[in-house]
Amino acid sequence: MRKLLAILLPTMLLIGCAAPAPVIDYDPSHDFSDYKTFAFISEHPLMRGEGAEGGSPLLEGRLMQATENILSARGISRVADPEDADIAVAFTVGGREKIQVNSYPDAYRPYYGRGWGWGGAYYYNEQVDVRQYTEGTLSVDIYDVSDRKPVWHGRATRKITDKMQENPGETINEILGAMFATFPPN
């Protein structure tokens with residue numbers, strides 16, 4: 001039993017700490033198999049939503065490069081002009097301040113007073129832990145150029161950590177890799 005707990009506890013902790021999977025939506029009636037080229041929707045394909053106004057000016061370039069690397073690995077080449085591409089890619093980022101409140105009992109302490117019977121009464125103090133953090137959202141939208149309509153959408157939401165801010169390139173590659181894992185859809 002102890003060996004089982006020694007294996008399960010770390011596994012459950014890792015699963016609990018894993019980032020949530022990106023949310024993917026696409027038009028299932030659309031044929032994605034003929035896509036050979038892509039372009040970014042404009043020279044500056046990044047829209048900044050609420051809470052992302054003060055973000056790094058380097059973010060757009062990192063998103064573009066990571067997306068180009070991923071799509072090129074799938075045989076979809078970048079072209080300069082969106083009108084010459086099969087699909088156009090756009091990004092939106094946003095953020096919001098959130099507060100996480102955790103409440104848990106302090107260690108139970110026995111109280112051995114008169115009139116409480118065998119073993120005494122137990123009481124506890126409640127501990128409250130309040131943390132403020134930023135939750136960031138990245139959305140990627142893909143448009144069919146010939147139809148001029150959206151055909152695919154991916155969205156990832158994460159708690160922004162110091163590690164992410166220290167190494168944003170690694171975080172972007174991880175998030176976009178997970179987002180594009182099933183692109184193009186079958």
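These numbers come from a predicted model, not from an experiment.
In this structure, E97 places its CD atom where more than 12 heavy-atom neighbours from other residues, nucleotides or ligands lie under 6.0 Å away. In R155, the CZ atom is not crowded: 12 or fewer heavy atoms of neighbouring residues, nucleotides or ligands sit closer than 6.0 Å.
When the ring pair (Phe, Tyr, Trp, His ring centres under 6.0 Å) test is applied to Y143, no partner is found at least two apart in sequence or on another chain. Applying the salt bridge (Lys or Arg N to Asp or Glu O under 4.0 Å) test to D34 and every residue at least two apart in sequence or in another chain returns nothing. Listed by chain and residue number, nothing satisfies the side-chain hydrogen bond (donor to acceptor under 3.5 Å, both in side chains) test with D162 (two or more places apart in sequence, or in another chain). Under the ring pair (Phe, Tyr, Trp, His ring centres under 6.0 Å) criterion, H30 pairs with F32, Y35, sequence neighbours left out. Remark: N167 engages E170 in a side chain to side chain contact (heavy atoms under 4.5 Å, CB included) (not counting sequence neighbours). Residues that satisfy the side chain to side chain contact (heavy atoms under 4.5 Å, CB included) test with A39, not counting sequence neighbours, are V79, P82, A85.
Between L138 and L176 there is a side-chain heavy-atom pair separated by less than 4.5 Å. Side-chain atoms of V130 and N102, non-hydrogen and from C-beta on, never get closer than 4.5 Å to each other. Contact check for K36 versus S77: no side-chain heavy atoms found under the 4.5 Å cut-off. I160 places a side-chain heavy atom less than 4.5 Å from the side chain of Q165. In this structure the side chain of F180 reaches within 4.5 angstrom of the side chain of I142, judged on heavy atoms.
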**Message:** Between E68 and R78, does the salt bridge (charged side-chain N to carboxylate O under 4.0 Å, His left out) criterion hold? Intermediate values first, please.
**Reply:** CA-CA 7 Å; E68 183 174 354; R78 181 178 176 187; 3.1 Å; yes
- May I have the step-by-step check of side-chain contact (heavy atoms from CB on, under 4.5 Å) for V93 and L59, ending in yes or no? CA-CA 10 Å; V93 293; L59 177 62; 3.9 Å; yes
- Message: For a salt bridge (charged side-chain N to carboxylate O under 4.0 Å, His left out) check, start with the C-alpha distance between E83 and R148, then their side-chain angles and the critical distance, and finish with the verdict.
- Response: CA-CA 10 Å; E83 293 300 322; R148 299 215 176 272; 2.8 Å; yes
V101 vs V128, side-chain contact (heavy atoms from CB on, under 4.5 Å): CA-CA, chis, key distance, verdict:
CA-CA 7 Å; V101 179; V128 178; 3.9 Å; yes
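In this structure, E60 contributes its side chain and L46 its backbone to a donor-acceptor pair below 3.5 Å. The backbone N or O of P185 lies less than 3.5 Å from no partner atom in the side chain of T182, so there is not a single donor-acceptor pair. Side-chain N or O atoms of D144 include none that pairs as donor or acceptor with a backbone N or O of V151 at under 3.5 Å.
Note: I41 CD1 to M47 CE = 9.5 Å, rounded to the nearest 0.5 Å. In this structure, the separation between CG on N69 and CE on M64 is 12.0 Å, given to the nearest 0.5 Å. For the atom pair CG (D86) and CD1 (I76), the distance works out to 8.5 Å, reported to the nearest 0.5 Å. Taken to the nearest 0.5 Å, the CZ atom of R74 stands 8.5 Å off from the CZ atom of F183.
Note on V145 and F38: separate hydrophobic clusters, where clusters join Ile, Leu, Val, Met, Phe, Trp and Tyr whose side-chain heavy atoms are under 4.5 Å apart, directly or indirectly. If you chain together hydrophobic residues whose side chains sit under 4.5 Å apart, L58 and L63 never meet in one group. Cluster annotation: M164 is not connected to I172 through the hydrophobic network of ILVMFWY side chains, with a link wherever side-chain heavy atoms come within less than 4.5 Å.
Each of D25, D27, V140 was evaluated against W152; a single residue qualifies, V140, per the side chain to side chain contact (heavy atoms under 4.5 Å, CB included) test.
Taking each heavy atom of P168 and R62 in turn, the nearest pair found is CG-NH1, 3.4 Å. In this structure, I24 and G154 approach most closely via the heavy-atom pair CD1-CA, 3.8 Å.
Side chain to side chain, D141 and H153 meet the donor-acceptor criterion of an N or O pair below 3.5 Å.
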